Amino acid sequence: RRQHHQEIATVLTDLDATERRITELYAKAVEQLGNDKAPVRLGGLYALERLAQDNPAHRQTIIDVICAYLRMPFSAGTAPTSKPEPEATEDPGERSTQPETTTDGNGDTWQQERQVRLTAQRILAAHLRDERTPDERSAGPPGPRFWPGIRLDLTGAALIDFDFHRVVAADARFDRATFTDGAQFYEATFTGFAAFCGATFAGATVFSRAIFGWRADFSRATFTGRVWFSQARFGYDAEFNDASFGGDTTFYGTTFDGLAEFQPVTFADDVMF
């Protein structure tokens, strides 16, 4: 019995030391996110990513921290600069190859923060993305970098060139979020509630082949560019009440298994069901 108690005490001591070490690393990484220097904030993001990869029990907490950072106020529009605006191209998908430069310190700060936020978005996508197609997912487990069962809260976040293709997430809240330079949700899967109420999508928006396992709320959402919901599947109710579509919109081959509400909806250009 004494040996048994000693073994238990040793295990508990080791667990306690491990948890203290995790807490110290977590606190240091979170402190780095509040630093004034962009490279230090980047270091904090990568430290949190590494910590979550090695400690599955802490993944949701670390995802919550990264989401909270993206919810912090940020203007994702044009950087403060004195240079003239670039000429518009005929192709809305064509991007300028000119380097983004600014002439003042505020512009440099804006560009640095933009890179930090793009990194935070890439970390989220990298660990929620299942590279297998939905048909292949029943064949075996996903790769080791995939974090299952994650919930997202990006309410009111300013998101830039958002690429969430083939991500798999549980509840996902994007209410009042602003998507600048397009949003990519091709073959994304939402197993829980997907909320985009009051979100603004500037640029091309792709939800083709997306799967909504439960209720999807796009009420009061604003889409200013082309939109694709081609072959998407809504497994429960889908709400688009008071939504506004400014460009060509496609619901080609879309499946609605529950109620689909479009009352009222504004389509400023061609729409296909």
Side-chain angles (χ1 to χ4, degrees), residues 63 66-67 70 76 92-93 117-118 120-137 142 146-240 243-257 260 272:
I63 288 291
I66 296 175
C67 287
L70 289 171
R117 287 173 172 267
L118 286 171
Q121 292 177 188
R122 283 192 289 266
I123 289 174
L124 292 179
H127 294 287
L128 297 180
R129 179 168 294 130
D130 190 344
E131 293 294 352
R132 302 170 300 170
T133 65
D135 295 334
E136 296 171 343
R137 289 171 188 168
F146 176 70
W147 300 346
I150 294 296
R151 302 179 303 277
L152 296 171
D153 185 0
L154 290 166
T155 303
L159 306 170
I160 314 159
D161 194 11
F162 198 69
D163 185 0
F164 253 37
H165 77 274
R166 286 188 176 170
V167 301
V168 180
D171 291 347
R173 304 202 68 96
F174 293 91
D175 298 313
R176 302 184 307 281
T178 301
F179 296 86
T180 304
D181 297 333
Q184 175 67 258
F185 287 93
Y186 176 78
E187 285 191 350
T189 299
F190 302 95
T191 59
F193 182 33
F196 293 85
C197 179
T200 300
F201 297 84
T205 302
V206 180
F207 280 94
S208 298
R209 297 181 180 271
I211 298 174
F212 297 88
W214 201 56
R215 182 167 164 251
D217 185 1
F218 288 87
S219 59
R220 299 192 300 279
T222 300
F223 301 84
T224 61
R226 297 190 65 181
V227 182
W228 288 266
F229 279 93
S230 306
Q231 296 181 306
R233 187 178 193 96
F234 292 88
Y236 201 69
D237 296 349
E239 184 174 340
F240 289 86
S244 175
F245 296 83
D248 290 351
T249 304
T250 301
F251 285 89
Y252 172 77
T254 305
T255 301
F256 298 94
D257 290 334
M272 177 192 296

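Since the model is a prediction, treat every value here as computed from it, not as a measurement.
- Judged purely by atom type and a 3.5 angstrom limit, D175 uses its side chain to pair as donor or acceptor with the backbone of C197.
- Residues passing the side chain to side chain contact (heavy atoms under 4.5 Å, CB included) test with A126, sequence neighbours excluded: R145.
- Residues D161 and D181 approach most closely at OD1-O, 3.7 Å, considering heavy atoms.
- Atoms OG1 and CZ, on T189 and R233 in that order, are 12.0 Å from each other to the nearest 0.5 Å.
- Side-chain contact between C67 and L152: present, with at least one pair of heavy atoms (C-beta onward) separated by less than 4.5 Å.
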| task | Give the C-alpha distance, both sets of side-chain angles, the deciding distance and a yes or no for side chain to side chain contact (heavy atoms under 4.5 Å, CB included) between R129 and D163. | result | CA-CA 10 Å; R129 179 168 294 130; D163 185 0; 3.8 Å; yes
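- Residues S230 and T250 share a closest heavy-atom pair of OG-CG2, 3.3 Å.
- Counting only heavy atoms from C-beta outward, the side chains of F234 and F229 approach each other to under 4.5 Å.
- Of the inter-residue distances, the one linking R226 atom CZ with D248 atom CG reads 5.0 Å to the nearest 0.5 angstrom.
- Of all heavy-atom pairs between A170 and R151, the closest is CB-CG, 4.1 Å.
- With values rounded to the nearest 0.5 angstrom, E187 atom CD is found 9.5 Å from S208 atom OG.
- Under a 3.5 Å cut-off, the side chain of T224 and the backbone N or O of F201 do form a donor-acceptor pair.
- Between the side chain of T191 and the backbone N or O of A169, at least one donor-acceptor pair lies under 3.5 Å.
- In this structure, the separation between CD on Q231 and OH on Y252 is 6.5 Å, given to the nearest 0.5 Å.
- The aromatic rings of F196 and F207 lie perpendicular to each other, with more than 60° between the two planes, well past the 30° mark.
- A donor-acceptor contact shorter than 3.5 Å is absent between the side chain of Q121 and the backbone of L159.
- Taking each heavy atom of A243 and F218 in turn, the nearest pair found is CB-O, 3.8 Å.
- Ion pair R215/D217 flagged as a salt bridge, since at least one NZ, NE, NH1 or NH2 atom sits closer than 4.0 Å to an Asp/Glu carboxylate oxygen.
- Contacts of F162 classified as ring pair (Phe, Tyr, Trp, His ring centres under 6.0 Å), with partners at least two apart in sequence or in another chain: F164, F174, F179, F185.
- For F193 against D171, the heavy-atom pair with the smallest separation is N-OD1, 2.9 Å.
- Around atom OH of Y236, no more than 12 heavy atoms belonging to other residues, nucleotides or ligands sit under 6.0 Å away.
- The shortest heavy-atom contact between F251 and T249 is CE1-CG2, 3.6 Å.
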| Criterion side chain to side chain contact (heavy atoms under 4.5 Å, CB included) on L70 and L124, from CA distance to verdict | CA-CA 11 Å; L70 289 171; L124 292 179; 3.8 Å; yes
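- The shortest distance between side-chain heavy atoms of V206 and Q184 falls below 4.5 Å.
- A distance of 10.5 Å separates CG of D257 from CG of D237, quoted to the nearest 0.5 Å.
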